[in-house]
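Report on the structure given below.
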Amino acid sequence: MRVALFVPCFVDVLKPGVAVAVCRVLSRLGHDVIYPEGQTCCGQPALNAGFHRDATCLARRLLDLLAKADPDAVVSPSGSCVLALRTAMEGDHHLLERVFEFSQFLTDRLGVTDIGAKFTGRVTWHDACHPLRELRIREGPRRLLQAVQGLELVEMEPSDECCGFGGTFAVKAPLVSTGMGERKLKAIEDSGAAFVSSTESSCLMQIEGLLEKRGSAVRPIHLAEILGGGAHE
Amino acid sequence: MDRVFQRIRENLAVAGTKSPPPPPPPPSPVPEDPVATFRFRLEQAGGRWLEFATEAAARAAFPDDDGETGVDRADLLIADTGTVVRTYATREESRVSLVPPRTVFLATAATIVAGLPEALWRLAELHRAGPAYTVFVTGPSRTADVEKQLVIPAHGPREVIVALVLE
Amino acid sequence: MNRGGGLTDRIRRAIKDPVLPGNVLRATNTSLKKRDETVAERPDWEDLRERAAKVKDHVLANLDRYLAEFVENARLRGAHVHFAKDAAAARRIITELARRKGATRILKAKSMATEEVELNQAFTARGFTPLETDLGEFIVQLRDEPPSHITAPALHCSAEQIRDLFAREGVTDGRAPTDRRELATWLSLSARAHLRDRLLEADLGITGANFLVAETGTVALIENEGNIRLTVTSTPVTVSLVGIDKLLPKLTDLATMLPLLTRSATGQRMTSYFQLISGALDEHHIVLLDNGRIDALRDPENREILRCIRCGACMNVCPVYRTVGGHAYGWTYPGPIGSLLSPLWRGRGEDHQLPFLSSLCGACTDICPVKIPIHEHLLRMRREAVSAGRRGIPERLAFRIFRYVMQRPGLYRRAARITKRLLPAAARAGLLRRWTDTRAAPQPAPRSFKEMWREDGPRFSKDP
Ligand code: SF4
């Protein structure tokens, strides 16, 4: 399958390793990965701030650009950016039905759970809000993680409460955002995991910032980085 | 008041979607043993269940002149929730199941209905006919306003007994 | 009063409070757990929600008809029906009635509508304050503050705080049990004993209502404590102040709404008491409250918000509410639904900030028993705030620049490079304090993905 990468702007600048990992996983599964150049932002910050027209304009621009590469599928390591495209366009773009969040592409579109990865460590899973509630991603990533050799999945309680990032919310209401994040941190630490993983780099950025500030030993790691890390057998 | 209806109509007319009336609630699943279900739910809600051979026996067990016990009767019992339904003639009359620390509801098995929809179907007729005052009682009065911890009683009875008369 | 100051002040005060966040979290967790347990035993939960949404949509779309039907039926059964266009009118009608009756001993059942119109303040100005009979309301009344939650008014208080409050106010003699586990029981029973005589006889009772039924002119009231039953039966005159959004067409519609409401609010299959009052009291005045509700009917989007049955579940589950509690929001209705109702019904300047006080996580939408897509409405209200020109010039400018840059990949590249270079310095200079005060600054990668792709792209497909 010809798969186009949609790399959200903050992944591009701050966490390019996540996109590289996506690339590795898809290639390992035998797909032809392309990266249409000229990608910027999907418009999510504008969308959530109420600047709908600006968001639509950026979403359309990105979808048109991706469509020009004529991919069989578009895959992104961010469910909330995928959702932002849908919301901004109100579902109205021919490419939308071919745009997938990374884990959902693997489990639902391709129907794979074991991609032959190995990773040593205890990992806890953060259910990011948009993938969980809008894309109904819950069991998929867990199945993917459970298939990873050497990985032990431990649940945090609760796993589905917001980490407090929320885009510009994190800086518009820093105290509230941090208060929410601290509860998430407590859940993570109580789980006894050495790593916290998620579909969203943005949530992980918030969690990482908080973990670092308090000198925690827990490391954030994107799902793609676990799956794309090392191969077993 | 006419002005009010006028304003409502004007506002509704702006986006005049007349949605169809919703279907009535579906009937409750009928429990295999309604009496047992009622008893289970009643006890779960903190109520007590007793059985008596005759009404006289029940009344003898609970003299209602001690100020401690209000003896009342149940019009309906709702199996699904362990609820007693009682329609009172006046507000004063309803105090019998409110002010004394203990309430005893005399009941017969024939009054059991499966769930809330069934109880409301029966009550609808009564309330459509004219003034009516109905109280549903499910277990003793309670509060959880201090740290969400359950405390019994609050301002009503501490004990609710349903006395089933078998005859 | 905990509602003083601007939104930011109130948030700061709540978060810095030594006990409030812990109290709120403990209480909301307990509520959620019980809710989840009782919801799980209804396999038809989704179907019930669907039905409830349809019932409410239908009533709201035909509100004129059902309101007329209600008024007629309530009057036929002997009730007096009044209409209050706004808060001032509601206060006037009710205080005037109390004056006419010479009522000085007034009992009040828990009611958010009376909070909304600030009824107690109006009475206090006339020299007598109604007695709040619900334990939670009684506590916040003694604390001289509004409720912080619509179904659990004193949820922000710990047992120790209530213990000290009761001792100070003479509710108890101060000899509290030392074992923390006994405290809640002791406090609740002490309040019962303290209030007992006053609850058994009074001049006027004031209630709200959970539902109104059009076909029977019924006022439906749900409670656990028995204080509402006492309020209704200890007094010769009863007033019920009710928002017109609480109408249902038929008595049997309660069978749809009630299981949703009690489970969502308190995790109960059924509350201890549920009263259906169809004009049967000695003297029953029903005051129908508009206060912004009729205007909200105009827009079908806003109409959807009026489905709310005030269960409070969206508050319990909201991570923002769980962090700051209810007073921070600044009006009667806190939490996600409050962030919609405040701008819609009250609409003061600051109320329009509330839709922005959310991470849009959507937990409220998932839990709402009447399926209000709450977080989508929050987003819509943000859009409306932008198109109404209510956002500041700096923000508008920022997004104009944002869009300009993001439409031009070359410019985006350059901006990204500059950001990368300036980020550490900006962090050091304290320009990113809204992030870095509490969180470590993100570290930009040495190369962006695009650069990596250009240089090593083909290698990504090989295993490391
Ligand atoms: S919006 Fe929904 S969840 Fe929130 S109080 Fe209203 S009915 Fe309950």
Side-chain angles (χ1 to χ4, degrees), chain A residues 7 9 11-17 19-20 23-24 27-28 33 35 37-41 43 45-52 54 57-58 61 129-130 133-134 160-162 164-167 169-181 183 205-206 208-210 212-213 229-231, chain C residues 11-12 15 21 25 319-320 322-324 355-363 365-366 379 381-387 391 395-396 399-400 402-403 405-409 412 416 419-420 434-445 447-453 457 460-464:
Chain A
V7 181
C9 52
V11 173
D12 179 36
V13 177
L14 299 172
K15 298 282 169 205
V20 172
C23 213
R24 284 220 169 92
S27 307
R28 195 182 295 159
V33 182
Y35 175 59
E37 295 214 6
Q39 298 185 30
T40 60
C41 174
L47 182 80
N48 290 347
F51 291 80
H52 193 79
D54 300 316
C57 153
L58 293 176
R61 179 190 169 277
C129 299
H130 289 164
R133 300 202 178 84
E134 311 263 359
D160 58 0
E161 187 170 358
C162 179
F165 178 67
F169 171 76
V171 285
K172 272 184 182 155
L175 278 180
V176 186
S177 164
T178 302
M180 288 158 66
R183 277 206 303 283
M205 192 165 80
Q206 157 96 341
E208 181 173 23
L210 288 160
E212 252 184 70
K213 195 85 176 185
Chain C
I11 289 173
R12 180 179 307 273
I15 291 181
L25 196 63
V320 174
R322 284 155 64 78
T323 306
V324 302
F356 291 85
L357 183 63
S358 162
S359 64
L360 300 178
C361 77
T365 299
D366 267 14
L379 184 57
M381 288 204 176
R382 292 181 186 189
R383 282 204 301 271
E384 287 170 5
V386 170
S387 29
R391 304 304 289 172
E395 186 174 11
R396 269 151 49 198
F399 277 105
R400 180 137 336 143
F402 171 76
R403 170 173 160 177
V405 171
M406 291 302 182
Q407 279 176 305
R408 294 164 177 77
Y412 161 74
T419 312
K420 192 169 78 185
R434 294 177 79 81
W435 179 274
T436 55
D437 270 355
T438 53
R439 294 159 284 211
Q443 297 300 320
R447 289 185 299 167
S448 71
F449 178 74
K450 186 179 159 187
E451 287 160 346
M452 294 171 85
W453 177 269
F460 296 162
S461 44
K462 302 203 184 70
D463 279 330

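None of the values given here were measured: they were computed from a predicted structure. Residue numbers start from 1 in every chain, and the chains themselves are labelled A, B, ... in the order their sequence lines are given, proteins ahead of strands.
Under the side-chain hydrogen bond (donor to acceptor under 3.5 Å, both in side chains) criterion, C:Glu395 pairs with A:Lys172, C:Arg391, sequence neighbours left out. Residues passing the side-chain hydrogen bond (donor to acceptor under 3.5 Å, both in side chains) test with C:Thr323, sequence neighbours excluded: A:Arg183.
Contact count versus chain A (heavy atoms, under 4.5 Å) is highest, among C:Ala363, C:Ala416, C:Pro442, for C:Ala363. Between chain C and the residues A:Gly17, A:Gly181, A:Ala49, the largest count of heavy-atom pairs under 4.5 Å involves A:Ala49. Of the listed residues A:Gln39, A:Glu212, A:Met180, A:Glu208, the one with more heavy-atom pairs under 4.5 angstrom with chain C than any other is A:Met180. For the options A:Gly179, A:Gly167, A:Gly43, A:Cys162, heavy-atom pairs under 4.5 Å to chain C are most numerous at A:Cys162. Ranking C:Arg322, C:Arg408, C:Glu451, C:Gln443 against chain A, the residue ahead of the rest is C:Arg322, based on heavy-atom pairs under 4.5 Å. When each of A:Leu210, A:Asp12, A:Val13, A:Val33 is scored by its heavy-atom pairs under 4.5 Å with chain C, the top score falls to A:Asp12. When C:Thr419, C:Leu357, C:Val324, C:Ile11 are compared by the number of non-hydrogen pairs under 4.5 Å with chain A, C:Leu357 comes out ahead. Between chain A and the options C:Ile15, C:Asp366, C:Leu379, heavy-atom pairs under 4.5 Å are most frequent for C:Asp366. Interface remark: of the candidates A:Cys57, A:Gly164, A:Gly38, A:Cys57 forms the most heavy-atom pairs closer than 4.5 Å to chain C. If you tally non-hydrogen atom pairs under 4.5 Å between each of A:Pro174, A:Gly166, A:Ser177 and chain C, the highest count goes to A:Pro174.
Applying the 6.0 Å contact sphere to CZ of C:Arg12 captures no more than 12 heavy atoms from other residues, nucleotides or ligands.
For C:Met452, the part lying near chain A is the side chain, with the backbone staying farther off; criterion is any non-hydrogen pair under 4.5 Å. Both the backbone and the side chain of C:Leu360 have a heavy atom closer than 4.5 Å to some heavy atom of chain A. The part of C:Ser358 that comes within reach of chain A is its backbone (N, CA, C, O), which places non-hydrogen atoms under 4.5 angstrom from that chain. With a 4.5 angstrom heavy-atom cutoff, C:Val320 touches chain A via backbone and side-chain atoms both. Both the backbone and the side chain of C:Phe356 come within contact range of chain A, judged by heavy atoms closer than 4.5 Å. Of the two parts of C:Leu25, only the side chain, counted from C-beta on, holds a non-hydrogen atom closer than 4.5 Å to a non-hydrogen atom of chain A. Contact of C:Ala385 with chain A is not made at all, since no heavy-atom distance falls under 4.5 Å. Heavy-atom distances place the side chain of C:Trp453, and not its backbone, under 4.5 Å from chain A. Both the backbone and the side chain of A:Val20 come within contact range of chain C, each with at least one heavy atom under 4.5 Å from a heavy atom of that chain.
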### Task
Starting from the C-alpha separation in whole Å, work towards a yes-or-no answer on side chain to side chain donor-acceptor pair (under 3.5 Å) for A:Arg61 and A:Thr40.
CA-CA 9 Å; A:Arg61 179 190 169 277; A:Thr40 60; 3.3 Å; yes
### Task
Would you check, one step at a time, whether the test side-chain contact (heavy atoms from CB on, under 4.5 Å) holds for A:Met205 with A:Leu14?
CA-CA 9 Å; A:Met205 192 165 80; A:Leu14 299 172; 3.5 Å; yes
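Under the 30°/60° scheme for interplanar angles, the aromatic rings of C:Phe399 and A:Phe51 are found to lie parallel.
Taking 4.5 Å as the limit, every side-chain heavy atom of C:Thr438 sits out of range of all side-chain heavy atoms of A:Lys213.
Between the side chain of A:Arg133 and the backbone N or O of C:Cys361, at least one donor-acceptor pair lies under 3.5 Å.
Donor-acceptor pairing under 3.5 Å is recorded for the side chains of C:Arg439 and A:Gln206.
Across all their heavy atoms, A:Cys41 and C:Phe402 have their closest contact at SG-CZ, 3.6 Å. Between C:Trp435 and C:Ala440, the shortest heavy-atom distance links the atoms NE1-O, 3.0 Å. In terms of heavy-atom proximity, C:Ala445 sits nearest to C:Lys420 at O-CD, 3.2 Å.
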